[in-house]
Visitor: 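Sharing a structure with you now.
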Amino acid sequence: MEVHSIQQIGQVGVPVKDLEKAVQFYQDVLELPLLFNTGSLAFFDCNGIRLLLSLLEKEEFAHSSSILYFNVEQIHEAYAEFKRKGVSFIDEPHMVAKMGHTETWMAFFHDTQGNIHALMSEIEAQ
């Protein structure tokens, strides 16, 4: 591998307007471990990928983030648990693709800042 080639994603940034409310959602509802936070930044661990929540520094960054797809083993159970915790889902778990003997299922939701993310599960087709 060449020294200038991309190796992996080191961090994903999500813009927020209310850091305290966002930290509560990602820590208490999604149960991601909080690494640390400062006045305008909060860092979480998502199984080795760092997730950064940051207050908007400039209006040009005031847009929704990329969609984060959170892998879960049992999407229907995870959906029910997060819904019980008050997560605002856009849809129910549904199959989006079938590749050979594997089905990819997703359920999209809003965080407290208006960003759209998804639960994702790859299961063996029945």
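Values in this document were obtained by computation on a predicted structure and should not be read as measured data.
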Visitor: Would you say Glu20 has more than 12 foreign heavy atoms packed within less than 6.0 Å of its CD?
Guide: no
Visitor: Measure the spacing between CG of Leu51 and CG of Leu32 and express it to the nearest 0.5 Å.
Guide: 6.5 Å
Visitor: Taking all heavy atoms of Val16 and all of Ala22, pick out the closest pair and write down the distance.
Guide: CG1-CB, 3.7 Å
Visitor: Going by the angle between their ring planes, with limits at 30° and 60°, are Phe25 and Phe109 parallel, tilted or perpendicular?
Guide: tilted
Visitor: Side chains of Leu30 and Phe82, heavy atoms from C-beta outward: is any pair under 4.5 Å?
Guide: yes
Visitor: What closest approach, in Å, do Leu19 and Ser40 show between heavy atoms, and which atom pair accounts for it?
Guide: CD2-C, 3.6 Å
Visitor: Do Glu81 and Lys85 have side chains that approach each other closer than 4.5 Å (heavy atoms only, starting at C-beta)?
Guide: yes
Visitor: Rounded to the nearest 0.5 Å, what's the gap from CD on Glu122 to CD1 on Ile75? Could you check?
Guide: 10.5 Å
Visitor: Test your reading of the model: is there a side-chain donor-acceptor pair from Ser121 to the backbone of Trp105, 3.5 Å cut-off?
Guide: no
Visitor: Residues in side-chain contact (heavy atoms from CB on, under 4.5 Å) with Glu73, at least two apart?
Guide: none
Visitor: Any idea which heavy atoms bring Gln113 and Lys17 closest together, and the distance?
Guide: OE1-N, 2.9 Å
Visitor: Quick one: are Ile49 and Val12 in side-chain contact, heavy atoms under 4.5 Å?
Guide: yes
Visitor: List for me each residue that meets ring pair (Phe, Tyr, Trp, His ring centres under 6.0 Å) alongside His110, sequence neighbours excluded, and say none if there are none.
Guide: none
Visitor: Apart from Phe43 itself, which Ile, Leu, Val, Met, Phe, Trp or Tyr residues share its cluster (side-chain heavy atoms under 4.5 Å, direct or through members)?
Guide: Leu35, Phe36, Leu41, Leu52
Visitor: Measure the CD-OH distance between Glu92 and Tyr79 for me, rounded to the nearest 0.5 Å.
Guide: 4.0 Å
Visitor: Counting only heavy atoms from other residues, nucleotides and ligands, does the tally under 6.0 Å from CD of Glu77 exceed 12?
Guide: yes
Visitor: Can you measure from CG (Asn71) to CG (Asn47) and round to the nearest 0.5 angstrom?
Guide: 9.0 Å
Visitor: According to salt bridge (Lys or Arg N to Asp or Glu O under 4.0 Å), who are the partners of Lys21, at least two apart in sequence or on a separate chain?
Guide: none
Visitor: Do side-chain atoms of Gln11 reach the backbone of Arg50 as a donor and acceptor pair under 3.5 angstrom?
Guide: no
Visitor: Decide yes or no for Leu119 and Phe89: does some side-chain heavy atom of the first lie under 4.5 Å from some side-chain heavy atom of the second?
Guide: yes
Visitor: As a quick check of understanding, evaluate side-chain contact (heavy atoms from CB on, under 4.5 Å) for Asp18 and Thr112, giving each step before the final call.
Guide: CA-CA 9 Å; Asp18 183 334; Thr112 58; over 6 Å; no
Visitor: Taking side-chain contact (heavy atoms from CB on, under 4.5 Å) as the test, write out the residues that go with Val96, two or more places apart.
Guide: His94, Thr104, Met106
Visitor: I'd like to check the side-chain contact (heavy atoms from CB on, under 4.5 Å) partners of Gln27; sequence neighbours left out, ordered by chain and number.
Guide: Val23, Leu34, Phe44
Visitor: Backbone N or O of His101 within a donor-acceptor pair of the Glu124 side chain at under 3.5 Å?
Guide: no
Visitor: Is the closest side-chain heavy-atom distance between Asp111 and Leu68 below 4.5 Å?
Guide: no
